[in-house]
Amino acid sequence: MRLSQLFTKTTKNVPADETARNAQLLIQAGYIHKEMAGVYAYLPLGLRVLENIKRIVREEMNAVGGQEVMMTALQPRDIWEKTDRWDDAKVDNWFKTKLKSGAELGVGLTHEEPIVDALSGYVDSYKDLPIYIYQIQNKFRNELRAKSGLLRGREFVMKDMYSLARSQEEHEKLYDQVIKAYYKVYDRLGLGDKTYRTYADGGIFTDRFSDEFQTLTDIGEDTIYVDEAARIAINEEVYTDENLAKLGLDKSKLVKKRGVEVGNTFHLETKYTDALGVYYTDENGQRQPIIMGCYGIGISRLMGMLAEYFADERGLVWPEAVAPAKVYLARLGDDPAVVKQADELYEKLTKAGVETLYDDRDARPGEKFADADLMGIPYRLVVSKKTREAGVYELKSRQSTEVEQLGEVEVMKALAAAGQT
RNA sequence: CGGGGAGUGGCGCAGUCCGGUAGCGCACGCGGUUUGGGACCGCGGGGUCGCAGGUUCAAAUCCUGUCUCCCCGACCA
């Protein structure tokens, strides 16, 4: 993409209505637009990051056999009444609206009910199970107070997967498989070593503990107690001696930390399938209950999390796996020979499949460098009169101050090899 | 929802206490000088001061109501 054609631009002004670093940086770099509190639009560069995160999550969900669907945001009241989750006293962050006829609707905040309801026409026999169904979709929650930029919004992008199993034993197997897939997702995002499976409250979903995935960082909203050696943690909300005993955690090894919840999985048992009357028939012709699990990953929250976690005083520092482009090609000056050389290099990089942001604007070097840093593109490549005369290109990683002088072949090789995911 | 802060060109702000119809920086346009870490000079376009009502000869400024945003708390698949 040529920056001269990109409609967004960066700004030196820090937005006054944001204190969260992720929102400040993403707005300054032109990745997102704030529509209102807790509601953000994704601009070209931001959308690329969001799609990259989705791609990784999607690949890992597909790898365990997940089947992707897209459910609806508009929800009929009746299925939610069957599970007793329509009442505001039960779930207080609903957005609700009405049809012209007067019938009440909900705007989806989670999708257990519609998923189960939709599956009721397809799941009849033991031969139809087990299955994983997932979607990546916008969720709407009427939070009393949105905050922390993309970390807690009212409209946000989430991946939610649901498993349906024939027995408790089968359910546990499916559940563990997803836990493993989640670790892979966080590894690929560069958060693996800082992310802990954490026992937490089951909320409105289940009476059992849920598992949260908490990334340790000071910006976290959650307080958790971590056993780093055992790679397990427990959320403060369920941190009692009784629970520690139940979970077999050693209190003396737990250290209090802050974390951001980057995923959450639940054992739903038969709560939703029973309530909506969905069963299967076993080999003996007997009707049997279906055991469910559900598995969430906040895609947009992860984007905010990554923006805040991987940043420095000059701006964003995207991991290559999610960066909107791999390299920022800065052309300095408008010498015709330099322009020609940079244009050709851009073509070559693009043809080689190296995502390139080509700064072909009529701007001064300092501005281009500052923008490359603020946008957080992993590599910066400079073409100028100076490099042309020296017969080299300058390649620099966003994470280092060192500049390498390389010939074209070496540049292409370095960029093709770097950060394959 | 409780407490606190704030709404003034696209963005960041000053002006409000002590009413006299709006100013600065960024961004934008034109001209010139510049060109390896967010250049400089000159000229120029753009706001009726969140919204509604009130007081007054006169309201960004005072009064009332209301909406919105931010922070702390409560809450949080």
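In what follows, every chain begins at residue 1, and chains take the letters A, B, ... in the order their sequences are listed.
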Taking atom C1' in both rC49(B) and rU61(B), what distance in whole Å separates the two?
10 Å
Pick the C1' atom in rC41(B) and in rU48(B), then give their distance to the nearest Å.
32 Å
Classify the angle between the aromatic ring planes of Phe213(A) and Tyr182(A) as parallel (below 30°), tilted (30 to 60°) or perpendicular (above 60°).
tilted
rU66(B) to rG10(B) separation - P atoms, rounded to the nearest Å
28 Å
Contact nearer the 5' end of RNA chain B, comparing Lys385(A) with Arg152(A)
Lys385(A)
Would you say the ring centers of His267(A) and Tyr175(A) fall short of 6.0 Å from each other?
yes
Which nucleotide, in any strand shown, forms a Watson-Crick or G-U wobble pair with rC1(B), with both distances under 3.5 Å?
rG73(B)
Distance from Glu112(A) atom CD to Asp117(A) atom CG, nearest 0.5 Å?
13.0 Å
Integer angstrom distance from the C1' of rA22(B) to that of rA14(B):
11 Å
Within residues 62-81 of chain A: residues closer than 4.0 Å to RNA chain B (heavy atoms):
none
Rounded distance (Å) that lies between atom P of rC76(B) and atom CG of Asp88(A):
14 Å
Between rU21(B) and rA59(B), how far apart are the P atoms? Round to whole Å, please.
11 Å
Show the numbers, then the answer: is there a side-chain hydrogen bond (donor to acceptor under 3.5 Å, both in side chains) between Tyr328(A) and Asp359(A)?
CA-CA 7 Å; Tyr328(A) 190 103; Asp359(A) 194 345; 2.6 Å; yes
Select one nucleotide: of rC11(B), rG37(B), rG38(B), the one nearest the side-chain heavy atoms of Asp373(A).
rG37(B)
As a test of reading the structure: which of rU34(B), rG12(B), rG38(B) is closest to the side chain of Asn13(A), going by heavy atoms?
rG12(B)
Exercise: identify the closest heavy-atom pair between Leu374(A) and Thr11(A):
CD2-O, 4.4 Å
Taking pairing as Watson-Crick or G-U wobble with both contacts under 3.5 Å, can you name the mate of rC62(B), or confirm there isn't one?
rG54(B)
Distance-only side-chain donor-acceptor flag, Tyr134(A) / Glu68(A), under 3.5 Å
yes
For rG38(B), the Watson-Crick or wobble partner whose two distances fall under 3.5 Å:
none
Evaluate the side-chain proximity of Met303(A) to Leu26(A): yes if any heavy-atom separation is below 4.5 Å, no if none is.
yes
For nucleotides 70-72 of chain B, tabulate all protein N/O to nucleotide N/O atom pairs closer than 3.5 Å, reporting atom names and distance.
from	atom 1	to	atom 2	distance (Å)
rC70(B)	OP1	Lys34(A)	NZ	2.8
rC71(B)	OP1	Thr19(A)	OG1	3.2
rC72(B)	OP2	Arg145(A)	NH2	2.3

Within 45° of the six-membered ring axis of Trp80(A) and under 6.0 Å from that ring's centre, is NZ or CZ of Lys90(A) located there?
no
Counting Watson-Crick and G-U wobble pairs only, both distances under 3.5 Å, name the nucleotide matched with rA22(B), or none.
none
Taking atom C1' in both rG7(B) and rA60(B), what distance in whole Å separates the two?
12 Å
Does the side chain of Asp160(A) come under 3.5 Å of the side chain of Gln135(A) through a donor N or O and an acceptor N or O?
yes
Considering Watson-Crick and G-U wobble pairs with both distances under 3.5 Å, what does rA6(B) pair with?
rU68(B)
Between rC43(B) and rC62(B), how far apart are the P atoms? Round to whole Å, please.
35 Å
Base paired to rG44(B) (Watson-Crick or G-U; both N/O distances under 3.5 angstrom)
rC28(B)
So if I apply the ring-ring contact (aromatic ring centres under 6.0 Å, His included) rule between Trp318(A) and each of Tyr309(A), Phe310(A), Tyr31(A), Tyr379(A), which one comes out positive?
Tyr31(A)
Is Arg364(A) close enough to rA39(B) that one of its side-chain N or O atoms is under 4.0 Å from OP1 or OP2 there?
yes
